[in-house]
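Inspection log for the structure reproduced underneath, given as structure tokens.
Chain A is the first sequence line, chain B the second, and so forth, proteins listed ahead of strands; every chain is numbered from 1.
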Amino acid sequence: MDRSRTRHFFGISWVVLFTLGLVAPGFSRGAARLLDDEDEKKEEEKQDEKEGEEDDAYFAVVGGDVITGTGAVLRGATVLSKNGVIEAIGSNVFLPEGTETLDAGGMSVYPGLVALNASSRISGGLLAAEAPIVAGRDILDHLNESIGRALGGESHVDTPDNRRGDEIGDWEDLQGEQEAGAKGSKHNDSFDPFSPYMTMALAAGITTADQSGAAVKLKRGEIGDVVMNERNLVSFSWSTENPSGIRSLREKFRTTQDYLDKYRAWEERGNKDEKEPPKKGVDRSALRVLQNRSLARFRANDREDLLGIARFAQEFGFRPVIDGCREGWTVADELGRAGAYAIIIARDRRPKDESLVRPGGSKIENAAILHRHGVQIAVKAFTTSIESMGITGRDILHLPVEAAFAVRGGLSNEAALAAITTVPARILGVSQRVGTLVEGKDCDLIVTDGDILHYQTFVQYAVVSGKLVYDKEKELYFAHIRPRPEGIEDELEVEAVEDDGEEEPPEGDGEDDGEGDDEGDGEGDGEGDGEGDDEDGDHQDDDS
Amino acid sequence: MTMIPKAIGLLALTVLPSHAAPRGEGGSDLLAIRVGKAETISQGTLEHVVILVEGGKIVTIGEDLLIERGIPILERPDWTAMPGLVSCHTRIGLEKSTSRSFEPNTNPKREVYPRQKVWKELLELGVTTLGLVPEGNSGVPGQAIAIRPYGDTIDEMLLEEDVYLKMNLQSSSSSKAIIRDAFGKVDTYNKKVAKEREKWEKAREKSKKKSSRSRSKKSKDDDEKEGDDKEKEKAKSTEEVPKEFVPPAPDAKVQPFIDLREGRLTAMLSIRKAGDYLHLLDVMEEEEDVKWFLRVPLRTDIDLYEVADRLGEREVLAVLNTRITLQAHSRRERNIPAELARTGVHLALTPESDRMSSYEEWMNDVGHLVSRGLEREKALAAVTQEPARALGLDEQLGTLDAGKDANIVFWDGDPLEPASRVQAVMLEGRFVTGEVD
């Protein structure tokens, strides 16, 4: 994209640097950026194609405190979206004629949350089967473990991933499959833009949901182009209780690695007469991982498994995504060295196996310790389901609260926010589009009436691809709980609902701010700081 | 009032052939019916109405018409007349059969058994036209037929075959692919035809050339052998190259989709929720020439109101069952038929289910929708004119108008009032139920 032109066009605008790896220290930063950059190139090509198709649609969120997710907090700033992509962020942004504006005065603006392992009903609607395969296994996993606990022993769900041979047929085939991409995705075809579950997910601040490995954008009222990436995760299983599975996995990777080495050497030699190296035994999934086109996901919780995965990943030079990672804190340094991603449930509680001398079991500091050692932390909810309507407080509607529990365990606020935005975006391979609020990324954001990690905070608005898709006052779910202060509401009624063409400067900004604070949630409103959370965290932690 | 002389004129002149009357008797069967009210659908509610029926058709209808002497008169000033009810999507009277997933070239004609009690019962409720559909809630189960619930054989009952093609469309790759593939096969067939035509044209040109060349040769040289050759050639060419191009016959399952594209057949697209409609547009946007209407079975928590405006914009004909629904995740009532009608959707209502009890409750349910905000005129049209349109029979029935089939239901009050009862039913000029002396 031609950024220089836009900059000159908008006068003084905040140039937010592309500093994605900020939250991840050391080694992981470089690697993460490499990945993101590569993806960005592809994205740029896509966007160039899009341009010029229709009239430009401008949408601006004005006057909120913008927490960009890159470390910068811009007070009273404006986020301007052009055709769903962030055009400018700053305090002095010129709004073109016909810009639809949303006043966020006195509120906070965050990047939309990215939910891992979300129920397929979010994008599939009421009639969809409840759980995606992966998540179903997840619940099974938990069930199994609790049964195991009750019986006083260990129990494991053996995932069949390793056994499924997935040999590639053709190199061209492989490239073609890559090209086919997300457009023909089944998730695009089964997308229900009126799903009430989607509304609820948006109410929880989620704008991107992982639907069995596909990153799906929660656009409302329209279909098409909702899948951003659906091939970024490849699952493998690793369990010390199944040594033959590990052996076969290792064999698979070795063969594939050998093939890759030979192929590269063959390519370098450039000898036309020489035959291509044989693809026998090459595994498609392993190939994707070794070519850095996919991330390998392992479901593991036990120390021995985690160690094994960390070493295996280092041996073959890829970054593992470890789902679960309960005892990760005991081997955090190894995981950090392997550049692992960890998807954790911050409220996971499980006592240590007393028959073992080594440290074990769950620990509230898990996330903090892992993060300190360079592991990128993503937080997921205990259940993928949304059916319980938030009653249990442990479903996907409580993703930010789940992240707040990691803060209670010592994780920084920034890292906790990253754990539900940038890191899951990276895991799903969509960090070039969502996860932070940066010029050039998708305008997927949420406007909240306080710190997103505070249990009292409500999402007031959600915006996806530069369109307002959720307004708390207009949906039946939470409108009645702590209604939006009247002064603000009235103004928003005017502003938010289709005001094509007219440009009203937001009036009485200062006043509304005051009002918002008075009638709103008391201290900590819009400040985005940790003090309040930790206190409030206490309440909830008592029962867990 | 201006109608009076006209009516008299008509009465004097009309000797209509009584072709379509199930009665089938010779001679004049003119009958005048004087009722208190008539819901004509096309011209609203009329009072003090005279309906003149002959040969199974309505000859004329109007307020306070003079009736020529000698014409038998049925005086029922307490009655309200309305067109016979049309249920355009049902399987009542049909046995449960195996669900069909892709049988676009079939229809349920062979599943219909005449002489069942159910047909008589339907007539008694005022249902005079039925659109029977094949079983199947996915894919393309087949075509619908239109019948009158009267007659001793299926051919007597049958009004029209292949009135619309039922297609189920859901938001899923496989469901969308079924319909895309079906139209894709038409493209393949068209290509094949084009190829054949090219071949034929070439062959024809060739044979023309040859014959002309040999003719010229013959004039020059009278060699017998050549003459023989020529004759042979001629015989060969007439054998191989027909004068008219005959396109290869398409597959039976492709034919319906060709008919759709060429406007000979209408499609009924059945969807389950609002989101499906967007996917439907996604599929059908490539098929601009195909005429289609919509069917949405209303479930309690359906979210169809989400696309009410979009449906209204296109003035879609939507077939719904008669039901008040709830907004998802709440107890808020939504009168979806009323909401759709307000946006400009053409509404056709069917009974809640295919059971007899639903047919008994049908007009009650419609009345319920009206009491909850559905416009009265639209409600009445939704059980007569609009479903007739869905069946492609709107030229023939569905309103009380001169020239239409005399399918008339006589009520002892407002048809939408729960206390009202059907007093008599006329099917194509003949009273099939009710005490009329």
Please flag which part of B:D301 lies under 4.5 Å from any non-hydrogen atom of chain A: side chain, backbone, both or neither.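 Contact with chain A is through both the backbone and side chain of B:D301.
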Is the backbone of B:W292 close enough, under 3.5 Å, to the side chain of B:T266 for a donor and an acceptor to pair up by distance?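 No.
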Centre-to-centre under 6.0 Å for A:F478 and A:F458, is that the case here?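 Under 6.0 Å, so yes.
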Heavy atoms only: give me the nearest A:Y197-A:I122 pair and the separation to one decimal.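 Minimum heavy-atom separation between A:Y197 and A:I122: CB-CA, 4.0 Å.
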If we define contacts as heavy-atom pairs under 4.5 Å, which of B:S330, B:S171, B:A328 has the most with chain A?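 Ranked by heavy-atom pairs under 4.5 Å with chain A, first place is B:S171.
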Among B:Q170, B:Q327, B:K176, B:H279, which residue has the highest count of heavy-atom pairs closer than 4.5 Å to chain A?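 Highest number of pairs under 4.5 Å: B:H279.
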Using the ring of each side chain (for Trp, its six-membered ring), is B:F183 parallel, tilted or perpendicular to B:F257, with breaks at 30° and 60°?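 Ring orientation of B:F183 relative to B:F257: perpendicular.
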